[in-house]
Amino acid sequence: MKLLRIFLVVALAMLVSSVVAAQCAHQPAPGSYKTLDGTMIGGRASEAFCAGAGPGVPGNTQNAESWNGVALGTQWKIWGMAIDAAGAVETARSINSSGTGWIDYVTNYTGGFFWLSGAHTWGDGLGDFSGTITYYNVGTKVSYYMGMIVGVTSNITLRGQFADCPYCFIDYSLANTMLIWKTGDGAPMPANYPPFLCGANGGELHDICCVTLNIICDPTATETSTWGAIKDLYR
């Protein structure tokens with residue numbers, strides 16, 4: 001009887017393992033991909049003013065694509081992330097009496113999707129990859145000179161889960177963006193940027209550089225434990 005129980009446990013473990021393997025017949029290659037070493041390219045992004053009320057407003061939605069200097073979206077895309085109900089939250093400021101200094105904000109987004117070209121190094125020869133974004137956070141510094149905005153830079157962190165391989169996750173970090181145009185600037189809108197989503201007629205355009213993309217696959221992990229493993233990469 002004891003041997004029978006052992007046999008059943010082993011058989012069940014093999015069955016679960018085979019089911020997991022079947023789920024991930026299409027799996028990305030784990031690794032760390034960076035613009036700094038040429039294994040990933042930067043990109044461009046738009047943030048649509050979906051409520052028509054300017055930046056930092058709940059519902060504003062981002063759309064970002066890789067940019068190789070000629071074409072958008074040849075390597076990666078992330079889109080559909082909307083600012084949550086809290087909106088942009090001020091976390092710190094240093095402005096002098098002349099209106100010169102900076103203000104920091106943190107903004108959380110909900111929803112969103114990602115796409116990775118299967119033709120890149122992380123590919124497995126079976127096609128492109130897609131998935132859902134489960135966490136998207138933006139820390140922004142707005143710089144002022146004499147009361148006028150002279151610069152807006154952001155650091156983005158996101159996590160996502162692959163659709164075809166539920167134990168594979170992505171982590172984008174150090175995705176630094178710089179505001180290059182927004183509605184009301186008075187300058188013509190530059191070409192070759194991702195379109196505004198939600199049917200908006202206005203918004204902001206950003207350049208994205210300095211991206212690090214980590215891909216981690218672990219059949220025994222949940223997203224929470226995998227995120228712990230991702231954080232260990234930076235220790």
Do [X] and [Y] belong to the same hydrophobic cluster, where Ile, Leu, Val, Met, Phe, Trp and Tyr are linked whenever their side-chain heavy atoms lie under 4.5 Å apart, directly or via other members?
X      : Y      : result
Ile208 : Leu197 : no
Val152 : Ile103 : yes
Ile149 : Ile95  : yes
Ile78  : Met40  : yes

Looking at residues at least two apart in the chain, or sitting in another chain, which of them share a side chain to side chain donor-acceptor pair (under 3.5 Å) with [X]?
X      : result
Ser154 : Thr140
Tyr144 : none
Lys34  : none
Thr39  : Asp37

Checklist entry - Is the Phe114 to Phe162 ring centre distance short of 6.0 Å? => result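 Between Phe162 and Phe114, which both carry aromatic rings, the centre distance is below 6.0 Å.
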Checklist entry - Are the aromatic ring centres of Phe129 and His26 under 6.0 angstrom apart? => result yes
Donor-acceptor contact present, side-chain [X] to main-chain [Y], <3.5 Å:
X      : Y      : value
Ser94  : Trp102 : no
Thr35  : Val211 : yes
Asn63  : Pro195 : yes
Asp124 : Gln27  : yes
Ser66  : Thr74  : yes
Asn60  : Gly54  : yes

Atom [atom1] of [X] and atom [atom2] of [Y]: how far apart are they, to the nearest 0.5 Å?
X      : Y      : atom1 : atom2 : result
Thr157 : Asn155 : OG1   : CG    : 7.5 Å
Trp122 : His120 : CH2   : NE2   : 4.0 Å
Gln62  : Trp79  : CD    : CH2   : 14.0 Å
Cys210 : Asn176 : SG    : CG    : 5.0 Å
Leu36  : Thr212 : CG    : OG1   : 6.0 Å
Asn214 : Ser32  : CG    : OG    : 4.0 Å

Next on the checklist: Walk me through whether Ile156 and Tyr172 qualify under side chain to side chain contact (heavy atoms under 4.5 Å, CB included).
Outcome noted: CA-CA 8 Å; Ile156 298 171; Tyr172 272 93; 5.8 Å; no
Next on the checklist: Pair Leu213, Ile170 - check side chain to side chain contact (heavy atoms under 4.5 Å, CB included), show working.
Outcome noted: CA-CA 7 Å; Leu213 167 65; Ile170 63 166; 3.8 Å; yes
Could you report the tightest heavy-atom contact between [X] and [Y], atom names first, then the distance?
X      : Y      : answer
Ala51  : Val57  : CB-CG1, 4.1 Å
Ala48  : Ala200 : CB-CB, 3.7 Å
Thr61  : Ala82  : OG1-CB, 3.8 Å
Ile133 : Phe113 : CD1-O, 3.5 Å
Met81  : Tyr109 : O-CD2, 3.4 Å
Pro28  : Ile215 : CG-CG2, 3.9 Å

Next on the checklist: According to side-chain contact (heavy atoms from CB on, under 4.5 Å), who are the partners of Pro55, at least two apart in sequence or on a separate chain?
Outcome noted: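 Result, side-chain contact (heavy atoms from CB on, under 4.5 Å) vs Pro55: Phe49, Glu204.
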Next on the checklist: So, using side-chain contact (heavy atoms from CB on, under 4.5 Å) as the criterion, who are the partners of Ser98 when residues are at least two apart?
Outcome noted: Asn96, Thr100, Met146
Sequence neighbours left out, what pairs pass salt bridge (Lys or Arg N to Asp or Glu O under 4.0 Å) with at least one residue falling in [range]?
range            : result
residues 41-62   : Arg44-Asp207
residues 135-144 : Asp104-Lys141
residues 178-193 : Lys182-Asp185

Close side-chain approach of [X] to [Y], heavy-atom, < 4.5 Å:
X      : Y      : result
Leu158 : Tyr135 : no
Pro30  : Ile216 : no
Asn137 : Val106 : yes
Cys24  : Pro219 : no

When Ile, Leu, Val, Met, Phe, Trp and Tyr are grouped by side-chain heavy atoms lying under 4.5 Å apart, directly or through other members, which residues fall in the same group as [X]?
X      : result
Trp67  : Leu72
Met189 : Ile180, Trp181, Tyr193, Phe196, Leu205
Met178 : none

Next on the checklist: Before you tell me yes or no, could you show the steps for Cys165 and Cys217 under disulfide (SG to SG under 2.5 Å), namely the whole-Å CA-CA distance, both residues' side-chain angles and the distance that decides it to 0.1 Å?
Outcome noted: CA-CA 8 Å; Cys165 195; Cys217 295; 5.0 Å; no
Next on the checklist: Run Gln161 and Tyr167 through side chain to side chain donor-acceptor pair (under 3.5 Å) and show every step you take.
Outcome noted: CA-CA 8 Å; Gln161 186 172 30; Tyr167 59 70; over 6 Å; no
Checklist entry - Is Cys50 close enough to Cys198 that their SG atoms are under 2.5 Å apart? => result yes
